[in-house]
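This report concerns only the one structure given below.
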Amino acid sequence: MTSILPWLLIIIALVVLLWTAIRARRGHIPSTRPLPAFDGLPAELGHSAESGAPILFTLGSGAVGGDRTLTSIAALETLEGVADAAVAYGTPPIVAVGDPTILPLAEDVFQRAWNRRGTPERYNPASVQFIGIQPTVYAAGVADLLLHERAHAHVLIGSMDEEAALVTHAAEGRGIPQSVAADRLPALGATYPADARLAIGEELYAGPARIAALPRYIRSLRAQDVLRFLIVLLVLMKVLGLW
Amino acid sequence: MDRLVKRILPTSIAVGMGLLVLLGYLLPIPLLASVRDELIRWAVIIAAFAFILGFFNLLRVHSGRARKPGGMYSVILILTALISLVLTLAALLIPSLRFLGAWWFRYVLSPLQATVAGLIAFVLAVAAFRLLRHRREAGVLVFLIAALVVLLGTLPLPAPAGNWLANLRTWWMNVPAMAGMRGLLIGVGLGVLLIGLRILIGSDRPYSD
């Protein structure tokens, strides 16, 4: 049973994705639950444009090619969700990456956004910055950016551990609004005391659905919710001795 | 043609390679395993090039900042990066100079990293005090009680209070903390599973429009 369960989850996930896709074609778009960490972002982009100060995006220490790859891709998708609006407002965010394999992907997000806008020459390569691979060095580098760059708000989304406390502490010191979505438990413990809108655990992966609101992300979020419900049911059945 | 180059081709390559690697892990076929290993070797080579890009990005960003007020730190960073590069290359080309690189990493870079890591405890303590001042809610109370129980339970206090606190800490870590941790990990696992599936079925294309 233990070896069948992952396959069962994958099949159920595919079935739910297919089912929601068919329902979407019939005009039924599922709604998503509110997530304070992401819901305030469009407004922050507007305020950023008014103040002329960019938002700082911290994409974490995740790399392409490790166990944090998909978390980093979720972070990039959320970034992509705000890229078009940020470029349209003329205040593209500063993006701090902690691994060079994420660097070309993050640069590509903004290059494509400026291309779609029809002004590729306005892309500034310095808007995406590689800070350092070692997690504490990365956190110290981002803290320095927060202290010395004129950032309007701070969004931490990606894979980080307890060193995230250094980053949120710096943002708090500047008194700027911040949202935090990290996948690692030490990061959640370290950022909970900060004055930030938190996205806990799987909520990080709901970022693209809330920000970009593309049907494929919303379908995926729905499948995620169905799977979680099934797992809770299975755990309850096991605890009650029904399975 | 534009659609073929920008969408169909990258998506086909990503989905094909993803499926090949996945099948290489799942099916006990030697040919698939060797293809999987070869593809992973390619990925490692591409990642190595990303490191070169990262180095030049660092130099570009900080050479721009060095000209601004307060740019002294950027100058130091550029110099340090160049020294690290020269020492690493020297160690590769002249093995007798390997001790210089080792010295640089052991006595300059490692202590600096450890210093920054040491700051985290103080930052967390300050954050906890701020939390007490700014947010007065039930969740904050539970957070602080948990922190106190774990901290006091770890201290070598005299019996019987020490034993009682150590037992309470063990129970706290094994029951409520473990339950919460597993719930979070299951959620993260589901999120990762769904993103992986989206990429494998070509629904997600982080590399193209």
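So that the names make sense, note that chain A is the first sequence line, chain B the second, and so on, each numbered from 1.
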Considering only heavy atoms from C-beta outward, does the side chain of [X] approach that of [Y] to under 4.5 Å?
| X | Y | value |
| --- | --- | --- |
| A:Ile12 | A:Leu227 | yes |
| B:Ile201 | A:Leu14 | yes |
| B:Met173 | B:Val150 | yes |

Residue [X] versus chain B: region with a heavy atom under 4.5 Å:
| X | answer |
| --- | --- |
| A:Leu166 | both |
| A:Pro125 | both |
| A:Ala194 | backbone |
| A:Ile102 | neither |
| A:Gln224 | both |
| A:Val232 | neither |
| A:Asn115 | neither |
| A:Leu221 | neither |
| A:Ile200 | both |
| A:Leu17 | side chain |

request  = Please collect all salt bridge (charged side-chain N to carboxylate O under 4.0 Å, His left out) contacts where either partner lies in residues 64-73 of chain A, sequence neighbours excluded, each pair once.
outcome  = A:Asp67-A:Arg184, A:Arg68-A:Asp161
Select, from [options], the one with the greatest count of heavy-atom pairs under 4.5 Å involving chain B.
| options | result |
| --- | --- |
| A:Glu172, A:Arg219, A:Glu162 | A:Glu172 |
| A:Glu107, A:Gln129, A:His148, A:Arg228 | A:Gln129 |
| A:Ala13, A:Pro100, A:Gly201 | A:Pro100 |

What is the minimum heavy-atom distance between [X] and [Y], and which atoms define it?
| X | Y | result |
| --- | --- | --- |
| A:Leu79 | A:Leu59 | CD2-CD1, 4.1 Å |
| A:Ala140 | B:Val116 | CB-CG1, 3.8 Å |
| B:Leu109 | B:Ser84 | CD1-OG, 4.2 Å |
| A:Ala165 | B:Leu124 | CB-CD2, 3.8 Å |

Which one wins on heavy-atom pair count under 4.5 Å against chain A: [options]?
| options | result |
| --- | --- |
| B:Asn57, B:Val123, B:Ile186, B:Val126 | B:Asn57 |
| B:Arg60, B:His62, B:Arg130 | B:Arg130 |
| B:Ala147, B:Gly180, B:Ala127 | B:Ala127 |

[X] versus chain A, the contacting section by heavy-atom distance below 4.5 Å:
| X | result |
| --- | --- |
| B:Leu185 | side chain |
| B:Leu77 | neither |
| B:Ala43 | neither |
| B:Val140 | both |
| B:Leu197 | side chain |

query = Any sub-3.5 Å donor-acceptor pair from A:Arg216's side-chain atoms to B:Ser203's backbone N or O?
reply =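 Checked: pair present.
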ask   = Are A:Arg117 and A:Val87 close enough, and set up right, to give a side chain to side chain contact (heavy atoms under 4.5 Å, CB included), and what steps lead you there?
value = CA-CA 8 Å; A:Arg117 190 89 192 137; A:Val87 159; 3.9 Å; yes
key: NZ/NE/NH1/NH2 to OD/OE distance under 4.0 Å, B:Asp37 and B:Arg41   =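 Looking at B:Arg41 together with B:Asp37, the answer is no, because their closest N to O distance does not fall below 4.0 Å.
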ask   = Using 4.0 Å as the upper bound for N to carboxylate O, is an ion pair formed by A:Arg174 and A:Glu149?
value =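 No salt bridge links A:Glu149 with A:Arg174.
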task = Sequence neighbours left out, what pairs pass ring-ring contact (aromatic ring centres under 6.0 Å, His included) with at least one residue falling in residues 183-231 of chain A?
result = A:Tyr192-B:Phe143
